[in-house]
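Numbers for residues simply follow the sequence, beginning at 1.
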Amino acid sequence: KAGGINATNISFSGATSTDMYGNFYVHMVNSKPDIISVLIGTNDSLSKAGKNKGKIVSVIEFERNLRGIIEDGIDYGAKVLVSTIPLVDEDAMKNAPDKDFVLNSNADIIKYNDVIRKVAGEYGVILADLEKELMNYPDAALHEPDGVHLNFEGQKIMAELWLRSVLREEK
């Protein structure tokens with residue numbers, strides 16, 4: 001709203017890039033966005049625990065899904081902003097109550113962020129490097145107690161970065 005932009009949130013809790021890509025085009029056409037902001041990958045980087053060990057979405061599948069979402073947005077005619085994934089508070093996550101999934105280390109999340117940067121550059125879409133931006137606040141408490149989700153302060157920083165990124169692109 002701050003930039004006079006039509007924005008609609010089509011995400012849902014627990015969604016992976018596979019989930020988002022599968023429903024993306026229909027939601028996009030129904031909401032008629034001016035710009036599409038894409039922040040996916042945190043759930044993709046989860047690992048299944050127990051007997052079903054393994055990644056939820058591999059880096060290769062994640063890249064394929066991200067490319068599809070970006071291509072659909074470009075084909076639709078909207079501007080596309082892609083954001084890197086915020087790193088997590090690994091210490092806080094050790095105490096998280098959900099033991100069915102174990103979030104990968106920040107080193108693993110960085111692998112997904114490297115894909116985001118690469119693909120955003122190849123398509124020439126707007127990149128909001130949230131991982132890099134949050135490094136400017138090393139001592140700030142920016143996560144909810146689960147260590148994954150950004151708290152109000154973290155979300156405020158993210159929103160300001162996205163708005164600056166879009167407005168910089170407008171010039």
Asker: Determine the minimum heavy-atom distance between Y76 and K32, stating which atoms define it.
Answerer: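 Where Y76 meets K32 most closely, the heavy atoms are OH-CA, 3.1 Å.
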Asker: Does the pair K111/D114 count as a salt bridge with the N-to-O cut at 4.0 Å?
Answerer: no
Asker: For N113 and I85, which heavy atoms make the closest approach, and how far apart are they?
Answerer: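 Between these two residues, the closest heavy atoms are OD1-N, 2.6 Å.
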Asker: Can you tell me how far apart OG (S45) and CD1 (I110) are? Round to the nearest 0.5 Å.
Answerer: 11.5 Å
Asker: Could you walk me through whether I74 and V125 pass side-chain contact (heavy atoms from CB on, under 4.5 Å), step by step?
Answerer: CA-CA 9 Å; I74 291 169; V125 298; 4.0 Å; yes
Asker: Could you state the interatomic distance from NE2 (H149) to CD (Q155), rounded to the nearest 0.5 Å?
Answerer: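 Going from the NE2 atom of H149 to the CD atom of Q155 covers 9.5 Å.
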Asker: Looking only at heavy atoms, which two atoms of I36 and A78 are closest? And how far apart?
Answerer: CD1-CB, 3.6 Å
Asker: Kindly indicate, with the supporting measurements, whether the criterion side-chain contact (heavy atoms from CB on, under 4.5 Å) is fulfilled by K132 and T84.
Answerer: CA-CA 8 Å; K132 183 178 176 184; T84 56; over 6 Å; no
Asker: Is a side-chain N or O of D44 found less than 3.5 angstrom from the main chain of S17, in a donor-acceptor match?
Answerer: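 The answer is yes, because a donor-acceptor pair under 3.5 Å joins these two groups.
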Asker: Counting N and O atoms only, with roles assigned by atom type, does the side chain of N106 sit under 3.5 Å from a partner on the main chain of V88, one being a donor and the other an acceptor?
Answerer: yes
Asker: Spell out, as yes or no, whether a donor-acceptor pair under 3.5 Å connects the side chain of N151 to the backbone of A141.
Answerer: yes
Asker: Show, in sequence, the C-alpha distance, side-chain angles and deciding distance for V38 and M20, and conclude whether the side-chain contact (heavy atoms from CB on, under 4.5 Å) test is met.
Answerer: CA-CA 10 Å; V38 181; M20 295 306 296; over 6 Å; no
Asker: Donor-acceptor pair, H143 side chain versus G154 backbone, under 3.5 Å?
Answerer: no
Asker: Would you say that I40 contacts Y112 through its side chain, given a criterion of any heavy-atom pair below 4.5 Å between the two side chains?
Answerer: no
Asker: Locate the shortest heavy-atom distance separating V82 from I70; write the atom from each residue and the value.
Answerer: CG2-CD1, 3.8 Å
Asker: Do Y21 and D72 touch side chain to side chain, with heavy atoms closer than 4.5 Å?
Answerer: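 Yes, their side chains come closer than 4.5 Å.
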Asker: How many angstroms lie between OG in S37 and CD1 in I126, if you round to the nearest 0.5 Å?
Answerer: 10.0 Å
Asker: Please report the interatomic distance CZ(R117) to CG(D129), rounded to the nearest 0.5 Å.
Answerer: 4.0 Å
Asker: Hey, any chance I60 and V119 share a hydrophobic cluster, counting ILVMFWY side chains that come within less than 4.5 Å of each other, even indirectly?
Answerer: no
Asker: To the nearest 0.5 Å, what is the distance between CZ (R64) and CZ (R67)?
Answerer: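 Reported value, rounded in 0.5 Å steps: 11.0 Å.
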Asker: May I have the step-by-step check of side-chain contact (heavy atoms from CB on, under 4.5 Å) for W162 and L81, ending in yes or no?
Answerer: CA-CA 8 Å; W162 286 8; L81 175 143; 4.1 Å; yes
Asker: For residues L127 and M135: do they belong to one hydrophobic cluster (side chain heavy atoms under 4.5 Å, members Ile, Leu, Val, Met, Phe, Trp, Tyr)?
Answerer: yes
Asker: Might you confirm whether atom NZ of K118 has over 12 heavy atoms from other residues, nucleotides or ligands at distances under 6.0 Å?
Answerer: yes
Asker: What's the shortest heavy-atom distance between F24 and I69, and which atoms?
Answerer: CE2-O, 3.4 Å
Asker: At what distance, to the nearest 0.5 angstrom, does CG of L150 lie from CD1 of I157?
Answerer: 8.5 Å
Asker: Using a 4.5 Å cut-off on heavy atoms from C-beta on, say whether the side chain of V166 contacts that of K79.
Answerer: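 A side-chain contact is absent here, since even the closest heavy-atom pair is not under 4.5 Å.
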Asker: Is it true that the side chains of T16 and N43 contain a donor and an acceptor less than 3.5 Å apart?
Answerer: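 Per modelled atom types, T16 and N43 side chains form no pair under 3.5 Å.
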